[in-house]
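Below: the structure, in structure tokens.
This is a predicted model, so every value here is computed, not measured. In what follows, chains are A, B, ... by sequence order, proteins preceding strands, each numbered from 1.
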Number of protein chains: 2
Amino acid sequence: MFSKATEYGIKAIIYIASQSMLERRVKIGEVVEHIDSPVAFTAKIVGALVKVGIVQSITGPYGGFYIDRHRMDQIKMIDIVTAIDGDSIFNGCGLGLKECDDEQPCPMHYKFVQIRADLKDMLNSTSILELAEGLKSGKSILMR
Amino acid sequence: MFSKATEYGIKAIIYIASQSMLERRVKIGEVVEHIDSPVAFTAKIVGALVKVGIVQSITGPYGGFYIDRHRMDQIKMIDIVTAIDGDSIFNGCGLGLKECDDEQPCPMHYKFVQIRADLKDMLNSTSILELAEGLKSGKSILMR
DNA sequence: TTTATTTAAGATAAAATTGTCTTAAATAAA
DNA sequence: TTTATTTAAGACAATTTTATCTTAAATAAA
Ligand code: SF4
Ligand code: SF4
């Protein structure tokens with residue numbers, strides 16, 4: 001569904017958020033231990049999320065990554081996905097056609113449109129907070 | 001949504017089917033002209049679809065590709081997709097986790113499951129015949 | 001100030017996907 | 001039978017994605 005980069009980004013954010021709820025900053029090594037991802041690649045991805053303001057970071061000893069608690073419910077899944085993969089998942093035709101006549105669509109068109117709308121809806125309505133709380137309460141386990 | 005290989009495969013099949021409805025066999029060169037795809041790559045993909053019996057072929061002069069008319073409504077989109085990309089799109093978790101506890105799913109789980117079920121449903125219920133008829137009646141244009 | 005620790009950034013490498021090229025096999029017509 | 005045409009198959013190449021490695025910059029503690 002998503003690229004590896006986006007997958008790692010989502011998992012990293014969920015872990016960082018879950019720890020930020022406990023007032024803990026986390027180092028990248030701790031993150032990848034908990035989400036089972038390659039450390040340098042993950043660092044690059046989380047770095048990109050820092051750049052767009054989804055995550056905060058502090059360099060040096062006692063540094064690490066964290067997420068502002070009061071912003072956790074404002075940051076949605078779609079922000080992470082688009083920050084890493086862009087919005088190409090939501091645009092264009094499922095068959096890869098450049099443009100199609102909306103007035104004479106193929107048999108799959110409206111189903112495609114609906115499925116993508118549902119996906120977008122889900123990403124738009126699910127916040128980091130919700131997912132982090134799921135992790136905190138042991139509902140979802142990032143490792144496996 | 002799908003890989004390039006699958007995209008080309010779908011478009012090629014639709015074109016071949018639309019011509020088979022007119023009792024025409026088509027050469028690979030004609031196919032790629034109409035679907036705007038790289039010829040050798042497309043040939044390889046269509047060849048794979050021949051192997052699994054979705055398309056028929058005849059070598060030599062006056063040869064080409066065609067699809068049995070009476071099978072067009074039996075061949076569904078899902079057959080093409082799985083023949084090329086396998087069934088990985090339908091399996092596993094959207095977050096890339098290996099396995100998750102069904103009894104304690106994350107907040108996105110059921111939405112993910114539903115979206116994928118819808119996608120699978122669409123591919124299962126849409127036949128080559130429907131898409132080829134759409135093309136024949138000028139409803140969908142493969143080139144753009 | 002010096003040192004150790006950590007993120008930041010960018011070069012490099014490996015793997016997967018996409019795409020090309022060459023040769024072989026099949027087959028129909030001359 | 002010979003030739004031309006077409007698919008079949010597999011080697012090769014380019015591109016994109018994924019992953020690693022190295023060095024720089026920031027910063028906190030000693
Ligand atoms: S009509 Fe069909 S082919 Fe055209 S954009 Fe919609 S889904 Fe794609
Ligand atoms: S519960 Fe969430 S993380 Fe687990 S398999 Fe379902 S969607 Fe994936």
Side-chain angles (χ1 to χ4, degrees), chain A residues 1-13 15-16 19-20 24-67 81 83-86 88-89 95-96, chain B residues 1-13 15-16 19-20 24-67 81 83-86 88-89 95-96:
Chain A
M1 184 86 86
F2 303 120
S3 67
K4 284 285 172 192
T6 294
E7 263 179 37
Y8 297 153
I10 291 171
K11 290 203 261 183
I13 292 297
Y15 181 74
I16 294 168
Q19 295 305 299
S20 288
R24 293 191 65 235
R25 270 202 294 276
V26 290
K27 305 186 221 319
I28 193 65
E30 181 181 335
V31 173
V32 301
E33 268 173 36
H34 284 82
I35 71 176
D36 190 28
S37 67
V39 59
F41 192 39
T42 306
K44 182 174 292 188
I45 294 157
V46 174
L49 295 176
V50 169
K51 272 207 168 177
V52 299
I54 291 175
V55 186
Q56 280 69 50
S57 70
I58 293 178
T59 57
Y62 293 75
F65 298 98
Y66 65 100
I67 297 175
V81 172
I84 302 171
D85 270 356
S88 57
I89 323 176
L95 304 185
Chain B
M1 184 84 88
F2 303 119
S3 67
K4 285 284 173 193
T6 294
E7 264 180 36
Y8 298 153
I10 291 171
K11 290 204 258 183
I13 291 297
Y15 181 74
I16 295 168
Q19 295 306 299
S20 289
R24 293 191 64 235
R25 271 201 294 274
V26 290
K27 305 185 222 318
I28 193 65
E30 180 182 334
V31 173
V32 301
E33 268 173 37
H34 285 83
I35 72 175
D36 191 29
S37 66
V39 59
F41 192 39
T42 307
K44 182 175 293 188
I45 295 157
V46 175
L49 295 175
V50 170
K51 272 207 169 177
V52 299
I54 290 175
V55 186
Q56 280 69 50
S57 69
I58 293 180
T59 57
Y62 294 75
F65 298 98
Y66 65 98
I67 298 175
V81 172
I84 302 171
D85 271 355
S88 57
I89 323 174
L95 305 184

Quiz item: Do B/Lys11 and B/Tyr15 have side chains that get closer than 4.5 Å, going by heavy atoms?
Solution: no
Quiz item: B/Val32 and B/Gly29: which non-hydrogen atoms are nearest, and at how many Å?
Solution: CG2-O, 3.3 Å
Quiz item: What is the minimum heavy-atom distance between A/Tyr66 and A/Val55, and which atoms define it?
Solution: O-CG1, 3.4 Å
Self-check item: Shortest non-hydrogen contact between A/Val46 and A/Ala12, atoms and distance
Solution: CG2-CB, 3.8 Å
Exercise. Using a 4.0 Å heavy-atom cut-off across all strands, classify B/Gly29 as base, sugar-phosphate, or nothing.
Key: nothing
Exercise. Could you identify which residues of residues 47-61 of chain A place a heavy atom less than 4.0 Å from some atom of DNA chain D, listed by residue number, or say none?
Key: A/Thr59, A/Gly60, A/Pro61
Quiz item: Atom CD1 in B/Ile13, atom CG in B/Leu49: separation rounded to 0.5 Å?
Solution: 4.5 Å
Exercise. Produce a footprint string for nucleotides 13-22 of chain C: one letter per nucleotide, 5' end first; B if the base is under 4.0 Å from any protein heavy atom, S if only the sugar-phosphate is, - if neither.
Key: -----SBBB-
Quiz prompt | Residues forming a ring-ring contact (aromatic ring centres under 6.0 Å, His included) with B/Phe65, sequence neighbours excluded | solution = none
Practice problem: Identify the 5'-most and 3'-most nucleotides of DNA chain D with at least one atom closer than 4.0 Å to a non-hydrogen atom of chain A. | Solution: D/dT18 to D/dA29
Exercise. Taking all non-hydrogen atoms of both residues into account, name the closest pair between B/Pro38 and B/Thr42 and its distance.
Key: O-OG1, 2.6 Å
Practice problem: Would you name the heavy atoms of A/Ile45 and A/Gly9 that are closest together and state the gap between them? | Solution: CG2-CA, 3.8 Å
Quiz item: Nearest 0.5 Å, what's the CD1-CD1 distance between A/Ile16 and A/Ile35?
Solution: 8.0 Å
Practice problem: Taking ring-ring contact (aromatic ring centres under 6.0 Å, His included) as the test, write out the residues that go with B/Phe41, two or more places apart. | Solution: B/Tyr8
Quiz item: Pairs counted as Watson-Crick or G-U wobble with both distances under 3.5 Å: what dot-bracket string results for DNA chain C, using | for bases tied to another strand?
Solution: ||||||||||||||||||||||||||||||
Self-check item: Minimal non-hydrogen separation, A/His34 against A/Glu30, with atom names
Solution: ND1-O, 2.9 Å
Practice problem: Please confirm whether the backbone N or O of B/Ile67 pairs with a side-chain atom of B/Ser20, one donor and one acceptor, at under 3.5 Å? | Solution: yes
